[in-house]
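Atoms within a ligand are numbered from 1 in the order they appear, just like the ligands themselves.
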Amino acid sequence: MRLLVTGGLGFIGSHFIRWALAQDPAVTVVNLDAQTYAGDPANLADVDPARYTWIRGDIRDPEAVARAFAAGVDAVVHCAAESHVDRSLLSAEACLTTNVLGTQVLLDAARTHGVRRFVHVSTDEVYGALAPDEPPATEAHALAPRSPYAASKAAADLLVGAAVATWNLPAVITRGTNTYGPFQHPEKFIPLFITHALEGRDLPLYGDGLQIRDWLHVTDHVAAIWTVLERGRVGAVYNIGARNEQPNRAVAERICALLGVDPARIRSVADRPGHDRRYALDPTRLETELGWRPRVPFAEGLAETVRWYATHRAWWERRRDATFWTYYRQQYGERLRP
Ligand code: TYD
């Protein structure tokens, strides 16, 4: 199977490529990735170059996409996205052009080339915020995104649905919950808090820290994408959730405990505007139809992730270049000022 993975230098994309190559010796991968701030070729330094090719290109560019399809593609796994909510609040443009227009460029190419399967990797954020007493969202939950990032992903999901309806494109959508593990960019909550704790900085907890997320280990997430690629029903949506709802403050406290850092380092800072109170997904469809189960208990996954960041300092220090610190000052400058 010749797989085209988009965004394969990123967090979930690189884990997915490693997973796919390990599942089946007949798999080869073309990775179309623009190498934005969030991508790093070092994430895939260990894969067999005979079975893996990186094409540097942007999914918004039809010529780059055509190059990626040129050698023949059986299936597409579309991971490329601008995925950070806080950045989408500073400027929505990259989210809209990459996540929405880029997805349409790929759908058009997938249609032209007659792929056997197109997996669109989406997010729980498209369902919007859940009330504390609401059951976890099923795939039938209304789309009610509340940030530019979430709105762009919801728009992309609808475009995928339109491609299935109008051209019979054999597409499937996955919606994963908050994902964590090695190789995640240090701007995201768990890596940000781990790296800050390692450096003796304060940990900037938004608002009261009682927002709830369902944390999914990245290997469970990519195993689910692989399962959906192989056996998902065309036109279906599959929620990927770990049934692991945690308030942010509890996650922050676990990180402090794992690193022996004083929890007084956790600092309540100004909340994110429109901060979604709770995300939670019901993964019953994926479990009952396709037999997927999350395997990594949160305590183990978090401990292993903390160890990975503690022992891969050069990796995350490299991700924090001048551009990162410009973003960081914009994002945290006022919040962290005493
Ligand atoms: P994030 O990783 O940005 O994912 P999302 O907002 O898409 O769920 O953040 C996870 C949670 O952590 C979210 O509720 C916001 C919160 N958070 C903080 O409290 N402080 C931070 O510095 C960051 C980046 C996130």
Indicate whether the side chain of [X] and that of [Y] have a donor and an acceptor atom separated by less than 3.5 Å.
X      : Y      : result
Asp124 : Tyr127 : no
Thr97  : Arg60  : yes
Asn248 : Tyr206 : no
Asp220 : Trp292 : no
Tyr238 : Glu289 : yes
His84  : Tyr327 : yes
Ser122 : Asp157 : yes

May I ask you to list the atoms of ligand 1 that are less than 4.0 angstrom from any heavy atom of [X]?
X      : result
Tyr279 : 8 (O)
His84  : 3 (O)
Leu205 : 19 (O)
Glu187 : 24 (C)

Exercise for the section: Please state which part of Tyr149 comes within less than 4.0 Å of ligand 1, counting heavy atoms only: side chain, backbone, both or neither. Expected result: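 It is neither part, as no heavy atom is under 4.0 Å.
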Handout entry: ligand 1 versus Leu192: contacting region, heavy-atom distance under 4.0 Å
Key =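 Side chain only.
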Distance from [atom] to nearest protein heavy atom, with residue and atom:
atom                    : value
atom 22 (O) of ligand 1 : Tyr332 OH, 2.6 Å
atom 16 (C) of ligand 1 : Asn248 ND2, 3.4 Å
atom 7 (O) of ligand 1  : Glu125 OE2, 2.3 Å
atom 10 (C) of ligand 1 : Phe189 CB, 3.6 Å
atom 20 (N) of ligand 1 : Pro204 O, 2.8 Å

Proximal candidate to [atom] [heavy atom criterion; set [options]]:
atom                    : options                       : value
atom 13 (C) of ligand 1 : His275, Arg87, Arg335, Gln184 : His275
atom 4 (O) of ligand 1  : Asp271, Asn178, Thr179        : Asn178
atom 25 (C) of ligand 1 : Tyr180, Tyr206, Phe193        : Tyr206
atom 1 (P) of ligand 1  : Arg213, Gln331, Arg272        : Arg272

Handout entry: Residue pair Phe189 / Asp86, side-chain heavy-atom distance below 4.5 Å
Key =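 In short, these two side chains do not touch, never coming nearer than 4.5 Å.
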Problem - Test log, rule salt bridge (Lys or Arg N to Asp or Glu O under 4.0 Å), inputs Asp40 and Arg319 - result: CA-CA 8 Å; Asp40 187 349; Arg319 310 258 41 85; 2.7 Å; yes
Handout entry: Salt-bridge contact Asp74-Arg117 (side-chain N to carboxylate O under 4.0 Å)
Key =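 Answer for the salt bridge query: no.
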